[in-house]
S.K.: 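Could you have a look at this structure, given as structure tokens, before my questions?
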There are 2 protein chains.
Amino acid sequence: MARIKTNKNVSKKELILRKAAALFRERGFAGSTMRELADLVGVEAPSLYNHIGSKSELLQAICFQVADLFNRHLEEVKQSPLGYSKKLEEIIRFHIHMMQASFDEVFVANHEWKQLPAPLFAEYLDQRRNYEAILTGWLEEGIRKKEFKKLNPRLTILTILSALRGLESLFRNKKNISSTELENNLITQLLHGINK
Amino acid sequence: MARIKTNKNVSKKELILRKAAALFRERGFAGSTMRELADLVGVEAPSLYNHIGSKSELLQAICFQVADLFNRHLEEVKQSPLGYSKKLEEIIRFHIHMMQASFDEVFVANHEWKQLPAPLFAEYLDQRRNYEAILTGWLEEGIRKKEFKKLNPRLTILTILSALRGLESLFRNKKNISSTELENNLITQLLHGINK
DNA sequence: CCTACCGATCGGTAGG
DNA sequence: CCTACCGATCGGTAGG
């Protein structure tokens, strides 16, 4: 009986988290109210606090769950035997898949992490910088091995990540563009260029 | 005397607008308060309302001033005799210049326009879509004339614009990277590709 | 441009 | 999970 109660609470908390991600994406974290969230969940606002600690705890859970998935994937690719261009291809593919699988969560993590309370803000920023630094290292190595043109590595990685973040506007409109076309288009454009 | 008074009001209003852009960029529109803005301007909160009508009027002014500059430049490039690849180069250069000249305002226009009140939201969205549609048209024409590879035109333009928007994170950190290096790097990467 | 203050709404708590 | 309600804070107004 105690176990059943726990399971029920967990699934309700997950429902709250999913609805929070959808709400925060639409209205932003600061622009969202716990009353709106309660409406989406189907309870009164004070009842939310039987399942969660605070509004910002929701943001925290969303941001770090997303970050964990990206970090874990990065570690896998890092330890693979692929060349640097292929490694970047893998990263591009994974960002597209994440956006399709968890659009609201990825969007909120990308846009609202700045609203995290002070210590978590710094921690999240660290993880982000680490992610970028590893990709930048790949580009530097790839330039040394003549795999890439001589470009500013950090700027180039930043541009790729920005382009991937921008896919959000596609998923928001629920455009029916296939995952394969997306991947192929972005890999061609970002790695091989659009000029003939 | 009436003229002097008017000039004074105009310059105070411009000060408020500049400070509002800086504040909205840092905290977001919903996360910013008129008390914080008043502190930045150096008056009490109610005094702001001698110069402005409302908080959302500030957002409106910032967003549409930025949009006007981009639209005017687009029109110039559209009527130029340049080829499509060179036209896109001009757009890339202008986005970089705008970001350098008016970082706060461009950032706010890009991120907070969704908070515009209903009729203005739709108007802004229209202008944005028109901007994207014209660039997409160039890409379609360029593909037909074998200037570009066969790519999804809308997706390709969206990717370029996303990459340009992402430059924000560079200017936020006040990185001392030259305008010329930025332009060259982005044009190479986005038009010619990074692979050797 | 200020002081004083408004109605509304916020995140969250008490108590059952 | 609800009703009742809190202190704080919000955008904005009145009046001088």
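Hydrogens, waters and symmetry mates play no part in the numbers below; they use all other heavy atoms, side chains included. Order of the sequence lines sets the chain letters (A, B, ...), proteins ahead of strands, with each chain counted from 1.
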S.K.: If you count heavy atoms of other groups shown closer than 6.0 angstrom to NZ of K114(A), is the number above 12?
M.R.: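 Yes, NZ of K114(A) has more than 12 neighbouring heavy atoms, counting only those of other groups under 6.0 Å.
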S.K.: Roughly how many Å is it from NE2 in H51(A) to C1' in dC2(D), rounded to a whole number?
M.R.: 12 Å
S.K.: Mind checking what makes side chain to side chain donor-acceptor pair (under 3.5 Å) contact with N184(B), not counting sequence neighbours?
M.R.: none
S.K.: Mind jotting down which residue pairs meet the salt bridge (charged side-chain N to carboxylate O under 4.0 Å, His left out) criterion with at least one end in residues 51-66 of chain B? Sequence neighbours excluded, please.
M.R.: K13(B)-E57(B)
S.K.: With side chains defined as the heavy atoms from C-beta onward, is the minimum distance between K12(A) and V41(A) less than 4.5 Å?
M.R.: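 Sidechains of V41(A) and K12(A): in contact.
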S.K.: Who are the side chain to side chain donor-acceptor pair (under 3.5 Å) partners of H95(B), not counting sequence neighbours?
M.R.: Y131(B)
S.K.: I need the CG-C1' distance between L48(A) and dC2(D), as an integer number of Å.
M.R.: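 In whole Å, dC2(D) C1' lies 13 Å from L48(A) CG.
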S.K.: Could you run down nucleotides 3-16 of chain C 5' to 3' and tag each one B, S or - for protein heavy-atom contact under 4.0 Å?
M.R.: BB-----SBBB---
S.K.: Kindly write out the residues that satisfy side chain to side chain donor-acceptor pair (under 3.5 Å) with R93(B), not counting sequence neighbours, or none if the list is empty.
M.R.: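 For R93(B), the residues satisfying side chain to side chain donor-acceptor pair (under 3.5 Å) (neighbours in sequence not counted) are E89(B), E183(B).
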S.K.: Pairs counted only when both distances fall under 3.5 Å, Watson-Crick or G-U: show me the 5' to 3' dot-bracket for DNA chain C, [ ] for pseudoknotted crossings and | for other-strand partners.
M.R.: ||||||||||||||||
S.K.: Should the ring pair F107(B) and F103(B) be called parallel, tilted or perpendicular, given that the plane angle runs from 0 to 90° and is split at 30 and 60?
M.R.: perpendicular
S.K.: Flag the pair K87(A) and E90(A) as a salt bridge only when some basic side-chain nitrogen lies within less than 4.0 angstrom of an acidic carboxylate oxygen.
M.R.: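 Looking at E90(A) together with K87(A), the answer is no, because their closest N to O distance does not fall below 4.0 Å.
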